[in-house]
2 protein chains.
Amino acid sequence: MKMMDKAEKCLDPQLWHACAGGLVQIPPLNSKVFYFPQGHAEHSNGPVCFMASPNIIPSFILCKLTAVNYMADRYTDEVFARITLVPLKADDFDLDDDWPKMAHQNHEKAAKSSFAKTLTQSDANNGGGFSVPRYCAETIFPGLDYSSKPPVQTIVAKDVHGESWKFRHIYRGTPRRHLLTTGWSNFVNQKKLMAGDSIVFMRAENGELCIGIRRAKLGGFGGGPEFGVGQGLKGFDDADGARKVVPESVAQAAALAAIGRQFEVVYYPRASAPEFVVSAYSLSHSMKVQWSSGMRFKMPFETEDSSRISWFMGTISLVQVADPIRWPDSPWRLLQVLHHTLNRTLENNAYQA
Amino acid sequence: MKMMDKAEKCLDPQLWHACAGGLVQIPPLNSKVFYFPQGHAEHSNGPVCFMASPNIIPSFILCKLTAVNYMADRYTDEVFARITLVPLKADDFDLDDDWPKMAHQNHEKAAKSSFAKTLTQSDANNGGGFSVPRYCAETIFPGLDYSSKPPVQTIVAKDVHGESWKFRHIYRGTPRRHLLTTGWSNFVNQKKLMAGDSIVFMRAENGELCIGIRRAKLGGFGGGPEFGVGQGLKGFDDADGARKVVPESVAQAAALAAIGRQFEVVYYPRASAPEFVVSAYSLSHSMKVQWSSGMRFKMPFETEDSSRISWFMGTISLVQVADPIRWPDSPWRLLQVLHHTLNRTLENNAYQA
DNA sequence: GACAGTTGTCGGCCTTTCCGACAATTGGC
DNA sequence: GCCAATTGTCGGAAAGGCCGACAACTGTC
């Protein structure tokens, strides 16, 4: 492993997944995936002009995923992935059927050893304390010696950049509860956290405690094409934001993909935009379903505190091609659905069901 | 420069010299030096048993200095050097007469761009402020904009491990003076500083500000053979202290030296023990002097705040061999002197005069 | 030895943050 | 729907740290 950091360091994939959330999965190395230029465009922070290249970009391109860099924004700690794809010939489409077994590894390990909490007003604003949910303290934090009075210890947690943060962890109050006191206020200020943001604690395989951040999504639930990626986070000048997915890089990726050459894409899992690099295995399975109006489905989503996965129940109201002129035959945004309880029109990708 | 840190990083030689103090000099690379096993033994933290090797260890051994690692204790920030020596045949003793020109480089640069202050009670104990001597603020710190009211800036200083510390630097009060406020208290606590310890500010050649520590010498002035190196610093469990110069490593070095093989020594410049690796050039010069009782000399020493060099005036009271049985013909501790003003017997090495 | 410049120490006060009390909320039965 | 467990919020209190006042000290003339 040579000096590979040109100011861009990778981070522990397990921590990356813990920060990305339970629903994000990156297909395994060397597996086959579909790349959707259309979805990539929705991921960008502006309208994409595909004109630079001959108007022959397909709506989806079969590729081999040859590399993944798990990374984090230098300023916001937001996680993202740099994915290298090599287009395959269409007749290479024999599925690697064994990937579901291996795909969920980091994923499940992250879920088991991590815990997320959305910051309350008291956590974020008040005099510098963080109320630690009992489950988190007991399963993620180092063991506390309850015999001392009061039980107290210093915990050290590494952020996505490998920087260490110290917190005083104390068990006190009536009724007793776990709190982070000294050090927490500093962390909140340095990371510019606000009520509504979440923090993730994870116990790494080497036993080290890690701490990650999930900024609150400003756009509320779901998002859609109307929300770009670079919507800007409060309190940050757009230093790194400028480096987020720009339309030019989408056009370039699509152009390279179309002529069969290796290309790179940057994927922000928490940007409320759908995945545009999709495992060929799962897509081919969902395409076998004959989606039709009136059909019911359920779709997983994260609860606010990321502690569980809940399910949306819905009914398909319309099966249509999103942009029949530009992208005929595209499975992208094929379904328009009616959500049962919120009675709100959502958009969804076929393969997510 | 390959990955050469087996958890042992070198530090900027200029900062090293600033921390070591104005009187410490390490002979230049590839110059000829004398190694004194006797002096090395005084540097160790316990009695040295030279018996393991045949009883033929000379009192001094001519060597070539082939490598120097400038280092700092991980816990106390104390600076020390790991010096590699290759014994030379006695007939190799032709002097490299050009070294005085080059020897003082780091030395003088460090002296010019650094400033040391001994911490007062107020600096160390009170509510977290450090009174910055005007000279230090004006010559070492980055320029302050005096037009704002009050003039204030954040300064960043790197310690010997390359870690950055932030301080608020403000110019206020009546009469006006420079102070470090926010950040200082944290630094004092982390570094376990006490009144009497000194801190060193240095402006590196690349413009960066550096901060080093000189722990107070617990043994008062001078020290001597009765003080070992590992005298223990208040507030530190002896984690690294155990790694200081142990008798075994002295015995090993002496044994290797005696049979003409390359060896390493560790030298703590602030351990109040005399240098035991001495430039052949300067030693040969001082040995040309016919030292005799009643002769007067002067000897440089550091003032408490390390801002200047002062001189001790003394009279030689006795010329004797320190241990005539074990080390006959040794120039080590040849002179016993009477100090004029303190009227206290000090010991000194011939070559230091 | 007086004076000017510098810097050590102190007490006041403002800010931060630590703390238990209490209440709101959640989940289990 | 009740009860127990958990955890959000609040105001009081303690600690930390910023401040100018003043005095002690140093070096100079």
Side-chain angles (χ1 to χ4, degrees), chain A residues 115-139 141 149-154 166-190 194-199 303-305 307-308 310, chain B residues 115-139 141 149-154 166-190 193-199 201 303-305 307-308 310:
Chain A
F115 186 92
K117 182 194 174 186
T118 300
L119 268 50
T120 64
Q121 292 287 353
S122 296
D123 290 331
N125 301 337
N126 275 9
F130 174 76
S131 191
V132 186
R134 171 177 297 273
Y135 178 83
C136 175
E138 290 180 350
T139 65
F141 284 10
K149 41 185 184 323
V152 64
Q153 67 181 337
T154 299
K166 284 181 191 163
F167 303 103
R168 193 167 86 118
H169 168 207
I170 191 167
Y171 185 68
R172 63 165 173 79
T174 42
R176 294 271 181 269
R177 94 281 313 275
H178 292 270
L179 294 162
L180 297 186
T181 57
T182 312
W184 173 253
S185 176
N186 181 46
F187 182 78
V188 168
N189 291 333
Q190 297 283 319
M194 307 185 316
D197 295 336
S198 304
I199 67 158
T303 53
E304 182 136 313
D305 66 353
S307 63
R308 297 167 306 146
S310 293
Chain B
F115 186 92
K117 182 195 175 188
T118 301
L119 268 50
T120 64
Q121 292 287 352
S122 296
D123 292 329
N125 302 337
N126 275 8
F130 173 77
S131 192
V132 186
R134 172 176 297 274
Y135 179 82
C136 176
E138 290 180 348
T139 65
F141 285 10
K149 41 186 185 328
V152 66
Q153 67 181 339
T154 299
K166 285 182 191 162
F167 304 103
R168 192 166 88 117
H169 168 206
I170 191 168
Y171 185 67
R172 63 164 173 82
T174 43
R176 295 271 181 270
R177 93 281 314 274
H178 293 270
L179 294 162
L180 297 186
T181 57
T182 312
W184 173 253
S185 175
N186 180 45
F187 182 78
V188 168
N189 291 334
Q190 297 284 318
L193 294 176
M194 307 184 314
D197 295 336
S198 304
I199 67 157
F201 286 105
T303 53
E304 183 136 311
D305 65 353
S307 63
R308 295 167 308 146
S310 293

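Only heavy atoms go into these numbers, but all of them, side chains included; no hydrogens, no water, no symmetry mates. Reminder, nothing fancy here: chain letters follow the sequence lines and each chain counts from 1.
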*So do the side chains of C136(B) and F141(B) get within less than 4.5 Å of each other, counting heavy atoms only?*
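Sidechains of F141(B) and C136(B): in contact.
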
*Do Q153(A) and Y171(A) come close enough that some side-chain heavy atom pair is under 4.5 Å?*
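No, too far: nothing below the 4.5 Å cut-off.
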
Can a side chain N or O of [X] be found less than 4.0 Å away from OP1 or OP2 on [N]?
X	N	value
R172(B)	dG20(D)	yes
S185(B)	dG17(D)	yes
S122(A)	dT9(D)	yes
K117(A)	dG8(D)	yes
S131(A)	dT6(D)	no
T182(A)	dT17(C)	no

Give the nucleotide from the list [options] with an atom nearest to the side chain of [X].
X	options	value
T174(B)	dG20(D), dC19(C), dG8(D)	dG20(D)
T181(B)	dT6(C), dG20(D), dC19(D)	dC19(D)
Q121(B)	dC22(D), dG8(D), dT9(C)	dT9(C)

*Look at the side chain of R176(A) against the base of dG20(C) and say whether a donor-acceptor pair falls under 3.5 Å; ignore hydrogens and angles.*
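For R176(A), whose side chain was compared with the base of dG20(C), there is no donor-acceptor pair (under 3.5 Å).
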
_base_contact_polar (dG5(C) base, R177(B) side chain, donor-acceptor, <3.5 Å)_ =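 Per atom types, no contact qualifies.
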
Length of the [atom1]-[atom2] vector between [X] and [N], whole Å:
X	N	atom1	atom2	value
H169(B)	dC19(D)	NE2	C1'	16 Å
I170(A)	dT17(C)	CD1	P	16 Å
Y135(B)	dG27(D)	OH	C1'	16 Å
N125(B)	dA15(D)	CG	P	17 Å
N186(A)	dG16(D)	CG	C1'	15 Å
H178(A)	dA5(D)	NE2	C1'	13 Å
R134(A)	dG28(C)	CZ	P	15 Å
F167(B)	dG17(D)	CZ	C1'	15 Å

_Pairwise distance CD1(I199(B)) to CZ(F130(B)) - rounded to 0.5 angstrom_ =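 If I round to the nearest 0.5 Å, the distance is 4.0 Å.
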
*Roughly how far apart are I170(B) CD1 and T182(B) OG1, rounded to 0.5 Å?*
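So the gap between those two atoms works out to 8.5 Å.
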
*asked:* Mind checking if P175(B) touches a base, just sugar-phosphate, or nothing, with heavy atoms under 4.0 Å?
replied: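 If one applies the 4.0 Å heavy-atom cut-off, P175(B) turns out to touch a base.
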
*asked:* Base, sugar-phosphate or nothing for L179(B)? Non-hydrogen atoms, less than 4.0 Å.
replied: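 No contact.
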
*How close do S131(B) and L179(B) get, heavy atom to heavy atom, and via which atoms?*
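Nearest pair, atom of S131(B) first, then L179(B): CA-CD2, 3.7 Å.
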
_Using heavy-atom distances to pick each residue's nearest nucleotide on DNA chain D, tell me which of N189(B) and G173(B) is more 5'._
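Nearer the 5' end of the strand: N189(B).
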
*Hey, what's the ring geometry for F201(B) with F167(B), parallel, tilted or perpendicular (30° and 60° as the breaks)?*
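The rings of F201(B) and F167(B) stand perpendicular, inter-plane angle above 60°.
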
